[in-house]
Amino acid sequence: QVQLVESGGGLVQAGGSLRLSCLVSGRTFSYYTIGWFRQAPGKEREFVAAISWHLAETNYADSVQGRFTVSRSNAANTVYLQMNSLLPEDTAAYYCAARVRRDISTQGESYEYWGQGTQVTVSS
């Protein structure tokens, strides 16, 4: 089993920044990817960003490209999502998820493990 714990959410004004963290623990694998997803009330879950642990390859949704940056720390077993220039439409619960595959996927259904989520609220 893999455990994922998100932190770093909160309330911020439009144009501000937040950094989310996803602590990865439990069973280790030689390769896997970590994805960030978000879900706003009344909306479907959507892909935000992902990173492959072994190669640090990244992928971003068009809506966050250039504003969000995903990175990882091997020493801390943590994946980060740096969010800059936040917009009110970024308001959502943010989840990190793990996929035991070499390639990155934008499909939530392909991720086997999920964290409990952290709320991000951007005021206008």
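Scope of the values below: all heavy atoms of this structure, side chains included, with no hydrogens, waters or symmetry mates.
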Can you sort out the partners of V120 under side-chain contact (heavy atoms from CB on, under 4.5 Å), two or more places apart, ordered by chain and number? L18, L20, M83, Y94, V122
Hey, does D90 have a side-chain heavy atom less than 4.5 Å from the side chain of R38? yes
Nearest 0.5 angstrom please: Y113 OH to Q1 CD, how far? 5.0 Å
Is there a side-chain contact between Y31 and L55 in this structure, where contact means two heavy atoms from C-beta onward sitting under 4.5 Å apart? no
Aromatic ring pairing F37/W114, orientation class (parallel under 30°, perpendicular over 60°, tilted between): tilted
Derivation and outcome, side-chain contact (heavy atoms from CB on, under 4.5 Å), residues R72 and I34: CA-CA 9 Å; R72 56 106 171 88; I34 300 294; over 6 Å; no
Check this for me, if you would: do R101 and E112 make a salt bridge, where the nitrogen-to-carboxylate-oxygen distance has to be below 4.0 angstrom? yes
For A98 and L4, the nearest pair of non-hydrogen atoms, with its separation, is N-CD1, 3.5 Å
Can you sort out the partners of R45 under salt bridge (Lys or Arg N to Asp or Glu O under 4.0 Å), two or more places apart, ordered by chain and number? E109
Return yes when atom CD of Q116 has more than 12 non-hydrogen atoms of other residues, nucleotides or ligands closer than 6.0 Å, and no otherwise. yes
How long is the gap from CZ on R102 to CH2 on W53, to the nearest 0.5 Å? 16.0 Å
Are the side chains of R27 and V100 in contact, using a 4.5 Å heavy-atom criterion? no
Going through the distances and angles, do L86 and Q13 end up as a side-chain contact (heavy atoms from CB on, under 4.5 Å)? CA-CA 8 Å; L86 283 162; Q13 288 188 332; over 6 Å; no
Transitive ILVMFWY side-chain link V48 to V12, under 4.5 Å: yes
Here the pair of heavy atoms bringing S105 nearest to F47 is O-CE1, 3.9 Å
Side-chain contact test, heavy atoms from C-beta onward, threshold under 4.5 Å: evaluate it for V2 versus Y32 and give yes or no. no
Looking only at side-chain N and O atoms, does R67 offer a donor or acceptor that is under 3.5 Å from a partner on S85? no
Report the distance from atom CZ of R99 to atom CD of Q107, rounding to the nearest 0.5 Å. 9.5 Å
To check you understand the geometry: which heavy-atom pair defines the closest contact between Y80 and S73, and what is its length? CE1-CB, 3.9 Å
Sub-3.5 Å donor-acceptor pair from the side chain of Q82 to the main-chain atoms of R19, do we have one? no
The reported gap from OG in S52 to CG in D103 (rounded to nearest 0.5 angstrom) is 9.5 Å
Under a 4.5 Å cut-off applied to non-hydrogen side-chain atoms, are Y60 and I51 in contact? no
Mind checking whether V79 and W36 have side chains closer than 4.5 Å, heavy atoms only? yes
Which distance, rounded to the nearest 0.5 Å, do you find between the OG1 of T33 and the NE2 of H54? 8.5 Å
Minimum heavy-atom separation for L23 to A76, with atom names? CD1-O, 3.5 Å
Just verifying a value: how many Å separate C96 SG and Y111 OH, rounded to the nearest 0.5 Å? 11.0 Å
